[in-house]
Amino acid sequence: MHEATMTHTPDPVTDPFGALEREIRVLIRRAQSSAAQTALRMHPELDASAYPLLAHIHSNPGIRGSDLATHFGVGRATVSRQLSRLVELGLVHREVDPEDTRGQQITLTQDGEARFAKARDRRVEMYQQAFGEWDEADVAQLATLLHRYSDDFVRWRDANS
């Protein structure tokens, strides 16, 4: 391979933000591929964006579409289209919010819950296999740092948008 086309991997000691950018870029690409596979296992007509959406609805039953849009940093129309598809597939149920009839509360259907739980359990098993040789304290530290990254990035994004 020609030297000019070789990939440069930034040194985390001398270029920590360059190294962070690279690792997050690679992580996102791999996560997108994994999300697409997970979605297909859940339902043959789902796209990759479905799993995180279903996971957030599972953790926040009764959430409103506008809150989903805010959480994921996308427009309401995008979330509305995604939710409509999930309703068509029988995975999500929408009902009028009794406190504000202009909004809807979103929950997973029984089938949606079952499919989500099966996919989540499969992903946890995958991580257990992939990182089975790691010390559990390292796994916990990684989860803690990723949570911190996510919180800080969203805080920064919201303050700068």
Side-chain angles (χ1 to χ4, degrees), residues 7 17-131 134 139-161:
T7 304
F17 290 100
L20 177 64
E21 185 281 331
R22 181 204 180 274
E23 294 308 320
I24 290 175
R25 177 174 24 95
V26 170
L27 178 69
I28 288 170
R29 179 64 196 114
R30 290 179 180 153
Q32 288 171 331
S33 175
S34 177
Q37 293 170 1
T38 297
L40 285 174
R41 279 194 295 271
M42 286 179 67
H43 193 287
E45 296 181 46
L46 284 182
D47 65 23
S49 65
Y51 181 80
L53 195 59
L54 292 169
H56 198 69
I57 296 167
H58 168 80
S59 297
N60 301 277
I63 192 166
R64 295 171 53 115
S66 57
D67 294 329
L68 284 168
T70 299
H71 176 77
F72 288 105
V74 298
R76 290 181 184 178
T78 299
V79 167
S80 181
R81 280 190 305 275
Q82 292 172 324
L83 289 173
S84 292
R85 184 68 181 138
L86 294 173
V87 168
E88 286 174 22
L89 296 174
L91 303 174
V92 165
H93 175 73
R94 294 192 267 197
E95 63 184 51
V96 175
D97 185 342
E99 294 180 18
D100 181 358
T101 56
R102 296 171 296 168
Q104 296 178 327
Q105 293 180 324
I106 302 152
T107 56
L108 298 182
T109 63
Q110 189 173 0
D111 186 38
E113 282 285 352
R115 287 175 186 259
F116 170 74
K118 185 176 179 181
R120 182 199 53 226
D121 292 349
R122 171 71 177 99
R123 287 172 64 92
V124 169
E125 182 181 304
M126 174 187 69
Y127 292 132
Q128 288 171 330
Q129 290 173 5
F131 305 110
W134 284 34
V139 175
Q141 181 180 19
L142 177 59
T144 299
L145 289 171
L146 288 171
H147 182 82
R148 180 178 167 194
Y149 158 81
S150 184
D151 281 354
D152 288 351
F153 187 83
V154 168
R155 189 176 309 108
W156 172 85
R157 180 200 69 197
D158 291 350
N160 291 283
S161 54

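Quick note: residue numbers are just sequence positions, from 1. Computation of the quantities below employed the complete heavy-atom set of this structure, encompassing side-chain atoms and omitting hydrogens, waters and symmetry-equivalent molecules. Computed from a prediction, not measured in an experiment: that's the story for all the values here.
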Q: Does a side-chain heavy-atom distance below 4.5 Å link Phe72 with Val79?
A: no
Q: Side chains of His147 and Asp151 only: does a donor on one sit below 3.5 Å from an acceptor on the other?
A: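 Judged by distance alone, the side chains do pair up.
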Q: Check whether Ser150 reaches the backbone of Leu146 with its side chain - one donor and one acceptor, N or O, closer than 3.5 Å.
A: no
Q: Counting neighbours of CZ on Arg157 that are heavy atoms of other residues, nucleotides or ligands and sit closer than 6.0 Å, is the number greater than 12?
A: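 Yes, CZ of Arg157 has more than 12 neighbouring heavy atoms, counting only those of other groups under 6.0 Å.
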Q: Under a 4.0 Å threshold between the charged nitrogen and the carboxylate oxygen, would Asp47 count as salt-bridged to Arg85?
A: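 Not counted as a salt bridge, because no side-chain N and carboxylate O are separated by less than 4.0 Å.
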Q: Please report the closest heavy-atom contact between Thr109 and Gly90, naming both atoms and the distance.
A: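 So the minimum-distance heavy-atom pair works out to OG1-O, 2.5 Å.
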Q: Find out whether Leu46 and Leu40 are in side-chain contact, i.e. whether some heavy atom of one side chain is under 4.5 Å from a heavy atom of the other.
A: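 The answer is no, as the side chains (C-beta and beyond) never meet within the 4.5 Å cut-off.
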Q: Considering all heavy atoms of both residues, which atom of Gln105 and which atom of Pro98 are nearest to each other, and what is their separation?
A: OE1-CD, 3.7 Å
Q: Output yes when a side-chain donor or acceptor of Arg76 lies under 3.5 Å from a complementary backbone atom of Ser66, and no otherwise.
A: no
Q: State the CG-CD distance between Leu89 and Glu45, to the nearest 0.5 angstrom.
A: 5.5 Å
Q: I'd like to know whether CD of Gln110 has more than 12 heavy-atom contacts from other residues, nucleotides or ligands below 6.0 angstrom.
A: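 Not more than 12 within 6.0 Å, no.
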Q: Rounded to the nearest 0.5 Å, how far apart are CD of Glu23 and CD of Glu21?
A: 9.5 Å
Q: Do Phe131 and Leu142 come within less than 4.5 Å of each other through their side chains, counting heavy atoms only?
A: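 When only atoms from C-beta onward are counted, Leu142 and Phe131 do not touch, as no gap falls below 4.5 Å.
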Q: Of the non-hydrogen atoms in Ala119 and Met42, which two are nearest, and what is the gap between them?
A: CB-CG, 3.5 Å
Q: Is His58 close to Leu54 at the side-chain level, that is, under 4.5 Å between some pair of heavy atoms?
A: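 The answer is no; the side chains never approach within 4.5 Å.
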Q: Determine whether Asp152 and Arg155 satisfy the following criterion, salt bridge (charged side-chain N to carboxylate O under 4.0 Å, His left out), listing intermediate values before the conclusion.
A: CA-CA 5 Å; Asp152 288 351; Arg155 189 176 309 108; 2.7 Å; yes
Q: For Ser34, is there any backbone N or O sitting under 3.5 Å from a side-chain donor or acceptor partner on Thr38?
A: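 Looks like yes, one N/O pair under 3.5 Å.
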Q: With a 4.5 Å heavy-atom cut-off, do Arg94 and Ser80 have their side chains touching?
A: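 Arg94 vs Ser80: side chains touch.
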Q: Given side chains that start at C-beta, do those of Leu53 and Val92 come closer than 4.5 Å, heavy atoms only?
A: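 With C-beta onward as the side chain, the pair stays apart.
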Q: For the CD1 atom of Ile63 and the NE2 atom of His71, what is their distance to the nearest 0.5 Å?
A: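 NE2 of His71 is found 7.5 Å from CD1 of Ile63.
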Q: Side-chain contact test, heavy atoms from C-beta onward, threshold under 4.5 Å: evaluate it for Ile28 versus Arg25 and give yes or no.
A: no
Q: Has Glu88 got more than 12 heavy atoms of other residues, nucleotides or ligands less than 6.0 Å from its CD?
A: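 Counting neighbours around CD of Glu88, more than 12 heavy atoms of other residues, nucleotides or ligands fall under 6.0 Å, so yes.
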Q: Using side-chain heavy atoms (C-beta onward) and a distance below 4.5 Å, is Ile106 in contact with Leu86?
A: no
Q: Are Leu83 and Ile57 close enough, and set up right, to give a side chain to side chain contact (heavy atoms under 4.5 Å, CB included), and what steps lead you there?
A: CA-CA 11 Å; Leu83 289 173; Ile57 296 167; 3.9 Å; yes
Q: Under the criterion side chain to side chain contact (heavy atoms under 4.5 Å, CB included), I'd like the reasoning laid out for Leu108 against Leu91: C-alpha separation, chi angles, the key distance, then a yes or no.
A: CA-CA 6 Å; Leu108 298 182; Leu91 303 174; 5.7 Å; no
Q: Find the distance between CD (Glu125) and CZ (Arg123) and round it off to the nearest 0.5 Å.
A: 13.0 Å
